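Here the structure is laid out as C-alpha cells; the discussion comes afterwards.
Here is how names work: the chains are called A, B, and so on, in the same order as the sequence lines, proteins then strands, and each is numbered from 1. Predicted model, so just to flag it, every value in this text is computed and none were measured.
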Amino acid sequence: MVAKKILLLDGNSLAYRAFFALPLLTNEHGVHTNAVYGFTMMLQRILEEEKPTHMVVAFDAGKTTFRHETFSEYKGGRQKTPPELSEQFPYLRKLIDAYRIKRYELPNYEADDIIGTLSLEAEQAGDEVIVISGDKDLTQLASPSTTVYITRKGITDIEKYTVGHIQEKYGLSPEQIIDLKGLMGDASDNIPGVPGVGEKTALKLLTAHGSVEGVYEAIDQQKGKLKEKLVENEELALISKKLATIERNAPIEIKIDELTYSGPDQDELIQVWNELAFKSLLEKMDYTAEETEKEELVFEVLQETDPAIFEDEMAIHLEMYDEQYHTCDLLGVSLATASKTYVIPMDVVKGSEAFKSWLMDETKKKYMSDSKAATAAFYRCGLEVAGVDFDLMLGAYIVNPSLTYTDLANIVQEYGYTDVSQNEQIYGKGAKKSVPDDGILHEHIARKGRTIWAVRPTVLKKLEENEQFELYYNLELPLATVLGTMESFGVQVDKEQLVAMGKELGEKLAEIEKNIHSLAGEKFNINSPKQLGVVLFENLGLPVLKKTKTGYSTAADVLEKLEGQHEIISQILMYRQLGKILSTYIEGLLKEIHEDGKVHTRFQQALTTTGRLSSINPNLQNIPVRVEEGRKIRKAFVPSEPEWLMVAADYSQIELRVLADMSKDESLIDAFKHDLDIHTKTASDVFHVPLEEVTSDMRRAAKAVNFGIVYGISDYGLSQSLNITRKAAAEFIDNYLKSFPGVKNYMDGSIQTAKQNGFVTTLMKRRRYLPDINSSNFNLRSFAERTAMNTPIQGSAADIIKKAMIDMADALEQENMQTRMLLQVHDELIFEAPPEELEKLKTLVPQIMENAVQLNVPLKVDFAFGDTWYDTK
DNA sequence: CCAATCACG
DNA sequence: ACGTACGTGATTGGA
C-alpha cells in the first residue's frame with residue numbers, strides 16, 4: 001500500500017488571494033478570470049511538486065456559521081465580495097471539477113473547519129497532510145505529519161509552516177497560534193482580541209504564560225496599562241480565542257478515502273481553459289500532449305494493391321499537406337478495418353485499378369473524416385468516391401457545433417482518443433513546415449485511418465441518443481457530396497473585367513486620396529484608423545461620438561453622423577467604400593482565380609454554431625450587392641460555357657416564415673398565407689394604421705424590428721439600428737410583441753427550453769448548447785438568451801436550404817439536366833444553365849426549394865436569370 | 001497575432 | 001444598473 005499524501009485546499013481563501021494578487025484579466029466575453037487563473041497556476045505547481053494521492057478543495061458555505069452564535073459581529077465590517085470575484089466562483093468550481101478534484105462545503109461551517117476535521121482524521125491514521133491556504137490562521141493545524149502552506153505576496157510563492165518553522169518564527173507551538181489570535185485579534189475576520197495588544201505584546205505574554213488562560217491565571221504578574229486592558233477584556237480575549245479555534249470535529253460526511261486524486265480530465269480541462277482563454281496553459285498542454293505515449297500501431301505500407309484487401313466496410317483517410325484541398329499536395333491514403341491498417345503511398349493510389357473501382361463502388365461503405373475535402377481532392381486525380389457512410393468531422397459537428405473541427409487529433413480528443421498526432425506536430429508550422437520522412441508520415445496517416453474506425457461507434461451512439469440520425473444521414477452527409485461537386489465545378493470569373501474595373505477604381509482612389517490629404521492639410525494613411533482618428537478628432541476638432549477599446553472610433557456609422565460637419569467626411573466614406581471593393585473584391589478575387597479561369601471556394605460545413613455554411617478562399621457569400629458600385633463586381637461572375645445563363649433563386653423572408661411556423665403566431669401565419677409584404681403588415685400592426693396608410697418610414701422601422709426579432713431583440717440594438725432613443729425602441733418592441741403574442745410566447749419558451757435542457761434545437765434537431773444561459777453574469781446570460789431566440793430561426797432556415805440543395809442536386813440528375821448548381825448564399829442558390837433548360841428551371845427550381853420541407857406557412861422563392869450574376873435581378 | 005473595419009445573409 | 005443586436009470572412013495597420 002502506497003503512503004497517502006493528502007492535500008487540503010482552502011478554496012475561498014486562495015481565490016481571494018489570487019484575486020487581489022493579480023491584475024484584473026478578462027476573457028473575450030468580459031468575464032474576469034484573474035482569480036481562477038491564479039488558482040490554476042498555484043494548483044499546477046502544487047500538483048507537480050507534491051504529487052498528492054488525495055485532494056479536496058473546501059469552500060465556505062453560506063454567510064453565517066456557528067461562530068456567529070458566539071459573536072454576532074464575526075467577519076462583520078468585511079467588504080462585500082467584489083462582483084468581479086464572485087462571478088469567478090462558478091468557473092472555479094468548473095475548473096476544480098475538470099481536475100477531478102473533490103469539492104466540499106458544509107452549511108454552518110467554514111472551509112477551515114472542514115480542513116481541520118479532515119487533517120485530524122488523517123493525522124490519526126498516520127497520513128501525510130498538506131494544508132494550503134492564504135490565511136495564516138490555518139497554521140494552527142501544523143503537526144509532525146501536517147505542513148501548512150501559506151501563500152505570500154503572489155499566489156505561487158509559498159511559505160511552508162512546519163512545527164519547527166512556527167517555533168522559529170514565533171517561538172510558539174501550532175496550538176498557541178490560537179492564543180495569539182485570542183490576544184491580538186484579527187482585523188480581517190473582525191476578531192477583536194484585547195484592544196491595545198498587538199503581535200509583539202501577545203508573543204511576549206505567550207512565551208511567558210503559554211496560553212490565554214495562563215496569562216489570566218498569572219494576571220497579577222502584569223502591571224500598569226497592560227494589566228488594566230487585560231483585566232477589562234478577559235471575556236473578549238476568551239471569545240476571540242474561541243473564534244480563532246478551528247473546529248476539528250465538524251459533522252462532515254466525506255471520508256478521506258473518497259478524496260483520491262488521479263489526475264485531471266484532460267478534455268474537460270482543455271474546454272474550461274479554452275472558455276477562460278488561458279492560452280499559455282493550453283500551449284503548455286499541447287507540449288505535454290506530444291510526450292504522452294501512444295499505443296503502438298502495426299500497419300502495412302502497400303507498394304501494390306491486392307484487390308483482396310478491400311472490404312465492404314473500411315475507414316479511409318486521404319492525407320493532405322494543408323487545408324486548401326483544391327490545390328495542395330496529397331501525401332497518401334490509409335485504410336483501416338477492425339483488424340488491419342494499411343498505408344498506400346500516393347503514386348500507388350493513382351496507379352491502382354483495384355483502389356479506383358473499390359472507391360467508386362457504392363456498395364462498399366467508406367468511413368471518412370471531412371469526406372468533402374477527400375472527394376474534391378480525389379476528383380483532381382480522376383478518382384470518384386461513392387458510398388460514403390460515415391464522416392467523423394460532420395458527426396462530431398452535429399454532436400456539438402460550438403467546437404472547432406480543424407485537426408483530426410482535436411476532434412477525436414473530444415471522444416477521449418489521443419493516439420493520433422496533431423498535424424502541426426508532424427509537419428511543423430510557418431517557415432519550418434515540411435513533410436517528414438516516410439516513416440513518420442506513414443505512421444501519421446495510418447493513425448488517422450485507425451482513429452476514424454475507432455471513434456465511429458462513439459460518435460454514432462451520441463447521434464442516436466440525440467435523435468440526430470436523420471440530420472446526419474439524410475442532410476449533412478449527402479450535402480457534403482453536393483458541396484464537393486459545386487466546389488470542384490467552380491465559378492467562372494471574367495478576369496479582364498476585374499482588371500479593367502481595378503484600373504478605373506485605382507485612379508479614382510488616388511484622386512480621392514489627394515483630395516482628403518489636402519482637406520486635412522497633411523499626408524497620412526487613410527486606412528489607419530489610428531492616424532485617421534488623430535486627423536479628424538484632434539487636428540480638425542470634430543466631436544468624438546464613440547470610442548473603441550484602443551482610441552477613437554472611425555466606423556462608418558460614426559462618420560455618417562459627422563457628415564454635415566466637414567467636407568472630408570464624405571470623401572473618407574467614399575474612399576473606404578471604394579478601397580474595400582478594390583482590395584477585397586478585385587485584387588483579392590484575382591488572387592484566387594485558378595488556372596482554369598475559375599474560383600473554387602470551399603464551403604465550410606462544420607464551422608458555424610447555427611448550422612449555416614461559410615465560404616472561404618474566396619468568400620463568395622459576401623460579394624457586394626447593396627450599393628451599386630460594389631454590385632458591379634457581380635458582372636465578373638459569368639457562366640463557364642458560351643451562351644449559358646446565370647440563374648439565381650432566393651427564399652423570400654425565410655427566417656420570418658420559419659418564425660411564423662415555430663411560434664404558431666396566428667397573425668404572422670395569416671400574413672404569409674396571404675402573401676402580404678411582411679414589413680408593411682408589421683408596421684400596420686405596430687403603428688395601428690391600415691395597410692394602405694403605412695408610410696415608408698413606418699415600413700423601414702418595422703423592417704428593423706423584424707430584424708431585431710430574428711436576432712433576439714434588445715431595445716439598445718434596435719435603437720442603434722434605427723438611430724432612435726432606447727425608450728422609443730423599447731416601445732416599438734412592446735407594441736410588436738403585443739401585436740404578435742405568439743412570437744412573445746415563442747421567445748420566452750425558447751429561453752425556458754435552453755435553461756432546462758442546456759441547449760436549443762432547430763427544425764431538424766440540430767442542437768446548440770448554451771452553457772451561459774444560467775450564468776450570473778448579465779452579459780453572458782443576455783447573450784445566451786438572444787442566442788436561444790436566434791439559433792432555432794437561423795439554424796432552421798439553414799436546415800431548409802440544405803435540404804433544398806440535396807433535392808435540387810437529385811432533381812437535376814434525375815432530369816438529366818446540364819444545369820449546375822454553383823453557390824449557396826444562406827437563402828439563395830446560384831446556378832449556371834444552358835438557355836434551353838431555362839424554361840424548365842423557372843418552375844423546377846422554385847418547386848423544389850418551396851417544397852424542401854412543409855411548414856404551416858408557404859415558402860416563397862423568387863427566380864431570376866441573366867448573362868452575369870449582376871444581371872440576375 | 002489582434003483590433004478595427006466592412007462586405008454579405 | 002448592467003451594455004448588446006444573430007451568423008460569417010478578408011484586408012489593413014500596428015504592436
Ring geometry between A:Trp869 and A:Phe637 (parallel below 30°, tilted from 30 to 60°, perpendicular above 60°): perpendicular
Phosphate contact (C:dG7 OP1 or OP2) by A:Thr608 side-chain N/O below 4.0 Å: no
Pairing residues for A:Asp734 by the side-chain contact (heavy atoms from CB on, under 4.5 Å) criterion, not counting sequence neighbours: A:Lys738
Sugar-phosphate only, base, or nothing, as touched by A:Ile623 at under 4.0 Å among non-hydrogen atoms: sugar-phosphate
Interatomic distance, A:Leu582 CG vs B:dC6 P [rounded to whole Å]: 16 Å
B:dC6 phosphate, OP1 or OP2, under 4.0 Å from A:Arg626 side-chain N/O: no
Same-atom distance (P) from C:dT4 to B:dA3, integer angstrom: 15 Å
Whole-Å gap separating P (B:dT5) and CZ (A:Arg576): 6 Å
With 3.5 Å as the limit, what N/O pairs link the protein to nucleotides 1-3 of chain C?
{"from": "C:dG3", "atom 1": "O6", "to": "A:Arg726", "atom 2": "NH2", "distance (Å)": "3.1"}

Pairwise C1' distance for B:dA7 and C:dC2, with rounding to whole Å: 32 Å
Base B:dC8 to side chain A:Gln621, donor-acceptor N/O within 3.5 Å cut-off: no
side-chain hydrogen bond (donor to acceptor under 3.5 Å, both in side chains) pairs, two or more places apart, involving residues 717-730 of chain A: none
A:Gln604: partners by side-chain contact (heavy atoms from CB on, under 4.5 Å), with sequence neighbours left out: A:Leu607, A:Ser614, A:Ile616
Basic-acidic side-chain contact under 4.0 Å: A:Asp871, A:Lys635: no
A:Asn790 CG to C:dC6 P, straight-line distance once rounded to whole Å: 8 Å
Nucleotide B:dA4, atom P - distance to NZ of A:Lys546 in whole Å: 11 Å
Pairs meeting criterion salt bridge (charged side-chain N to carboxylate O under 4.0 Å, His left out) with involvement of residues 791-804 of chain A, two or more places apart: A:Glu476-A:Lys802, A:Arg766-A:Asp799, A:Lys803-A:Asp807
Nucleic acid footprint by protein, nucleotides 9-15 of chain C - heavy-atom cut-off 4.0 Å, B for base, S for sugar-phosphate alone: BBSSSSS
A:Thr550 side chain near B:dA4 phosphate (N/O to OP1/OP2, under 4.0 Å): yes
For atom CD1 of A:Ile709 and atom C1' of C:dA5, their distance in whole Å: 11 Å
A:Glu507: partners by side chain to side chain donor-acceptor pair (under 3.5 Å), with sequence neighbours left out: none
Sugar-phosphate only, base, or nothing, as touched by A:Val825 at under 4.0 Å among non-hydrogen atoms: sugar-phosphate
For DNA chain C, the residues among residues 647-656 of chain A that have a non-hydrogen atom under 4.0 Å from it: none
Basic-acidic side-chain contact under 4.0 Å: A:Asp665, A:Lys744: no
Modelled atom types, side-chain donor and acceptor of A:Thr554 and A:Arg576, under 3.5 Å: yes
Residues in side-chain contact (heavy atoms from CB on, under 4.5 Å) contact with A:Thr609, at least two apart in sequence or another chain: A:Ser402, A:Arg768
Side chain to side chain donor-acceptor pair (under 3.5 Å) against A:Lys703, all qualifying residues, sequence neighbours excluded: none
Candidate nucleotides C:dG7, C:dA5, B:dA7, ranked by approach to the side chain of A:Gln577 - the nearest: B:dA7
Integer-rounded Å distance: B:dT5 C1' and A:Leu578 CG: 15 Å
Dot-bracket line, read 5' to 3' along DNA chain C, where crossing pairs take [ ] and | marks a partner on another strand, Watson-Crick or G-U under 3.5 Å: .....|||||||||.
Aromatic ring pairing A:Tyr552/A:Phe537, orientation class (parallel under 30°, perpendicular over 60°, tilted between): tilted
Sugar-phosphate only, base, or nothing, as touched by A:Ala704 at under 4.0 Å among non-hydrogen atoms: base
Inter-nucleotide P distance (C:dG3, B:dC8), Å rounded: 31 Å
Pairs flagged by ring pair (Phe, Tyr, Trp, His ring centres under 6.0 Å) wherever residues 787-806 of chain A is involved - sequence neighbours left out: none
Touch class at under 4.0 angstrom, heavy-atom based, for A:Ala797 against every strand present: nothing
Integer-rounded Å distance: B:dA7 C1' and A:Glu628 CD: 16 Å
Validation row, ring centre A:Tyr736 to ring centre A:Phe732 under 6.0 Å: no
Residues, nucleotides or ligands: over 12 heavy atoms within 6.0 Å of A:Glu511 CD: no
Nucleotide nearest A:Ser553 when distance is taken to its side chain, options B:dT5, C:dT8, B:dG9: B:dT5
Nearest-angstrom distance from the residue atom CD1 of A:Ile793 to P of C:dC6: 13 Å
